[in-house]
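Right, one structure below, let's go through it.
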Amino acid sequence: MNDFSYISYISDGALLKKIGGFIKSRRIEQNLTQDEVAERAAISRSTLSLLERGENIALTNLLKILRVLDALYVLEHFQEVKPISPMQLAKEDEAKWKRASKSKKSSPKDDLGW
């Protein structure tokens, strides 16, 4: 069970409030006003205010705000992880060298003498 398993039991509204609280705290940590963040993100101040109160806004606006607040790191968990089968791991392990080998020198008949 991971640390985020409890999130599936939280309502959408509660999650929006959690996101809004995060955005607000990041903004205040950076000593930025709503007007400053909104201007840098090219959105209206009321849109930012809606988000901070836990209201629904467009995803593109959230991304703009996260970018301005240097908080895009929160999206790192959205990467697709493709599982590797045990058979694939075994094949990759077989392909690895098990020991060093002598280097092959060119034979004298291949040497053209240049």
Side-chain angles (χ1 to χ4, degrees):
M1 198 156 101
N2 64 34
D3 294 341
F4 297 104
S5 61
Y6 72 92
I7 285 187
S8 61
Y9 300 108
I10 297 176
S11 70
D12 293 348
L15 285 172
L16 288 170
K17 286 190 185 300
K18 194 175 199 77
I19 293 167
F22 171 79
I23 296 296
K24 185 175 183 176
S25 68
R26 286 288 295 190
R27 176 179 63 77
I28 292 171
E29 282 174 15
Q30 296 178 22
N31 197 27
L32 296 170
T33 66
Q34 284 184 337
D35 287 326
E36 289 170 328
V37 172
E39 184 178 328
R40 292 179 189 178
I43 62 171
S44 70
R45 189 202 53 78
S46 63
T47 298
L48 178 58
S49 179
L50 284 172
L51 174 62
E52 288 185 358
R53 290 193 318 260
E55 300 294 327
N56 196 10
I57 66 165
L59 181 59
T60 53
N61 290 333
L62 174 61
L63 295 176
K64 290 176 185 179
I65 295 165
L66 289 172
R67 191 177 311 278
V68 166
L69 297 175
D70 196 26
L72 284 172
Y73 67 87
V74 299
L75 303 176
E76 289 177 356
H77 294 284
F78 285 87
Q79 295 178 7
E80 180 182 5
V81 179
K82 294 184 180 181
I84 299 175
S85 72
M87 291 301 292
Q88 183 64 32
L89 284 173
K91 287 179 184 177
E92 288 176 7
D93 193 43
E94 278 182 11
K96 293 179 184 174
W97 289 1
K98 301 296 181 194
R99 63 181 85 145
S101 62
K102 294 181 180 179
S103 61
K104 296 178 182 176
K105 294 184 178 180
S106 61
S107 63
K109 67 179 177 180
D110 291 341
D111 185 14
L112 299 176
W114 299 37

Quiz item: Sequence neighbours excluded, which residues qualify as side-chain hydrogen bond (donor to acceptor under 3.5 Å, both in side chains) partners of Glu76?
Solution: none
Quiz item: Which residues satisfy the side-chain hydrogen bond (donor to acceptor under 3.5 Å, both in side chains) test with Ser25, sequence neighbours excluded?
Solution: none
Quiz prompt | Contacts of Ser85 that satisfy side-chain contact (heavy atoms from CB on, under 4.5 Å) - sequence neighbours left out | solution = Met87, Gln88
Quiz prompt | Hydrophobic cluster (4.5 angstrom, side-chain heavy atoms) - remaining members for Phe78 | solution = Ile19, Phe22, Ile23, Leu32, Val37, Ile43, Leu48, Leu50, Leu51, Ile57, Leu59, Leu62, Leu63, Ile65, Leu66, Val68, Leu69, Leu72, Tyr73, Val74, Leu75
Quiz item: Got a sec, which pairs hit side chain to side chain donor-acceptor pair (under 3.5 Å) with one end in residues 52-68, sequence neighbours left out?
Solution: Arg27-Glu52, Gln34-Glu52, Ser49-Arg53
Quiz prompt | Any pair counted as salt bridge (charged side-chain N to carboxylate O under 4.0 Å, His left out), so long as it reaches residues 29-38, sequence neighbours left out | solution = Asp35-Arg45
Exercise. Not counting sequence neighbours, which residues clear side-chain contact (heavy atoms from CB on, under 4.5 Å) with Ser44? List them please.
Key: Ser46, Thr47
